[in-house]
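Written below as structure tokens is the structure these notes are about.
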Amino acid sequence: MQQVAKREEIFPRDPNKTYSLMAIVEGDSFQVERGPDDTLQSWPHLMVRELLLFLLVFIVIVGVSLVFNAPLEEPANALHSTNPAKAPWYFVGIQELVSYSAFLGGIVAPAVIVLSLLFLPYLDRNPKGTGVWFSPDRKIATLLFTVFVIAMIILILIGQFVRGPNWGLYWPWA
Amino acid sequence: MSEAAYSLKESIRQLPRNIKESVSRRGAGTPDQERAAAIFGNIFLHLHPVRVHVNSLRLSYTFGLGLISFFLFLILVASGVLLMFYYTPSTQLAYRNMKDLEYVVSYGVVLRNAHRWSAHAMVAFAFLHMCRVFYTGSYKAPREFNWVIGVCLLLVTLLLSFTGYLLPWDQLAFWAITVGSNIAAYMPWIGEKVRFLMLGGNEVGQMALLRFYVLHVALLPVITVILVAVHFWRIRKDGGLSRPLND
């Protein structure tokens, strides 16, 4: 029978499984004549969630903007430098590294970070553990990346909060 | 169809339906067909798949981090366009424009706040999204290139934020960009030239302000939109969001 041949083609019988595809339902859905899978229509299931998330983000941003004012200091003055002069927070970790070594911290470290991120998927290719948070199959990768993230956060925190005049150490309450 | 169907009277009677169908580019179908057509018949939504795996909808899998970054970008574009009406990229006027936003323009201060906080949040959420993709191993084949596009998007996000940082032309902006551009000057051989190209001079001044402004409001947003479109489209072409292999 044509139905049986088609059924075998879509969902082959597996001797290790106690169940099999019994019939193919006729109809006009996109799932008709396909094996079973766990998918849903993007509209409405995905789009409604996206819309709700957008509203949440919008409300939070407007709420924060009503309460907290963006910083605005004195007009720019090329003759009078602020001390310390700090880069934006996401570059302050790099600035902290620069204070140890201008070339290694300012050029080599950022270049190494960007290049290793770009080449990562071509160097770490084992598909094991894909699709699972902190998969036990990827312990080393998880550990290395976590070290990188924590190092970045610590450098940013040091640069942002415990660096005072002339880039000397000082405590935020000092 | 008879000639009567094209008569003026009939056309007016059918006007709402005909306009609706000409815009949406589709006729009626079964409910499933119409839902699918709502996605692939729309130039913006066709970047999405018509169907999504239930795993992609689990909030605890993605935490919506990539979407949040994208929504913050939309808020930044909207608030940024409004800010452009009140801003002049001139060392004489830029700071005065900031004060006008604060004291003269209705809700100007909220507008500037929204732009500033969304920008900080976008850097943070783009980074968190990268962490999610790493920890779930989602950069593995066939999604390698989408990870590369994502890294480029993170860099463009940093550049967008950095170029915007100078525009208020206050002490914070001026010295942050001075420090940042000095880091670039540490590059061997070409460092000084790179900084000169970036600032349009040897120090932060009118040329630097204009360059950063043009990059911030024109070039970098266009690059972002193109990369985001490819990024989203590749999710669909690469088989949706990653999920466990045996699923």
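FYI, side chains are in, hydrogens and waters are out, and symmetry mates aren't considered; it's all heavy atoms of this structure. Convention: sequence-line order gives letters A, B, ...; per-chain numbering from 1. This one's a predicted model, so the numbers in the text were calculated from it and none came from an experiment.
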Which answer fits [X], side chain, backbone, both or neither, if we ask what part of it has an atom under 4.5 Å from a heavy atom of chain A?
X      : answer
B:L45  : side chain
B:R132 : both
B:I75  : side chain
B:W169 : both
B:L155 : side chain
B:A94  : neither
B:L57  : both
B:Y95  : side chain
B:H120 : both
B:S60  : backbone
B:A114 : both

Greatest number of heavy atom pairs closer than 4.5 Å to chain B - which of [options]:
options              : value
A:A87, A:P88, A:A85  : A:P88
A:L118, A:V60, A:L72 : A:L72
A:A141, A:P44, A:P84 : A:A141
A:F68, A:F145, A:W43 : A:F145

Please tell me whether A:D38 and B:N55 have a donor and an acceptor in their side chains that are separated by less than 3.5 angstrom. no
Is the count of non-hydrogen atoms from other residues, nucleotides or ligands lying under 6.0 Å from [X] atom [atom1] greater than 12?
X      : atom1 : value
B:F145 : CZ    : no
A:Y100 : OH    : yes
B:K193 : NZ    : no
A:E50  : CD    : yes
A:Y90  : OH    : yes
B:Y107 : OH    : no

State the CG-CD distance between A:L155 and A:E96, to the nearest 0.5 angstrom. 6.0 Å
Part of [X] within contact of chain B (heavy atom distance under 4.5 Å):
X      : answer
A:V98  : side chain
A:R138 : side chain
A:F58  : both
A:D124 : both
A:M152 : neither

Cation-pi between B:R116 and B:Y165: NZ/CZ under 6.0 Å from ring centre and within 45° of the ring axis? yes
So which of [options] has the biggest tally of heavy-atom pairs under 4.5 Å with chain A?
options                        : answer
B:V109, B:I177, B:L158, B:V204 : B:L158
B:V52, B:I39, B:V179           : B:V52
B:P168, B:A141, B:C131         : B:C131
B:F70, B:Y186, B:F162          : B:Y186

Plane angle bin for A:F148 and B:F127 - parallel if under 30°, tilted between 30 and 60°, otherwise perpendicular: tilted
May I ask you to decide if the ring planes of B:Y135 and A:F134 are parallel, tilted or perpendicular, using 30° and 60° as cut-offs?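 Aromatic pair B:Y135/A:F134 classed tilted.
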If the contact rule is any heavy atom under 4.5 Å from chain B, which residues of residues 106-115 of chain A qualify, in numerical order?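 Against chain B, the residues of residues 106-115 of chain A that fall inside the cut-off (heavy atoms, under 4.5 Å) are A:G106, A:I107, A:V114.
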Salt bridge (Lys or Arg N to Asp or Glu O under 4.0 Å) partners of B:D238, counting only residues at least two apart: B:R234
My understanding is that only residues two or more places apart in sequence, or in another chain, count here; which of them pass side-chain hydrogen bond (donor to acceptor under 3.5 Å, both in side chains) with B:N202?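 For B:N202 there are no side-chain hydrogen bond (donor to acceptor under 3.5 Å, both in side chains) partners, ignoring immediate neighbours.
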Keeping [X] on the side-chain end and [Y] on the backbone end, is there a donor-acceptor pair under 3.5 Å?
X      : Y      : result
B:N182 : B:T178 : yes
B:T88  : B:S90  : no
B:E144 : A:P121 : no

Can you pull out every salt bridge (charged side-chain N to carboxylate O under 4.0 Å, His left out) where at least one residue sits in residues 53-64 of chain A? Sequence neighbours excluded, please.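 Residue pairs with at least one partner in residues 53-64 of chain A: there are none.
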On a heavy-atom basis, which atom in A:T142 and which in A:T146 lie closest, and how many Å separate them? O-OG1, 2.6 Å
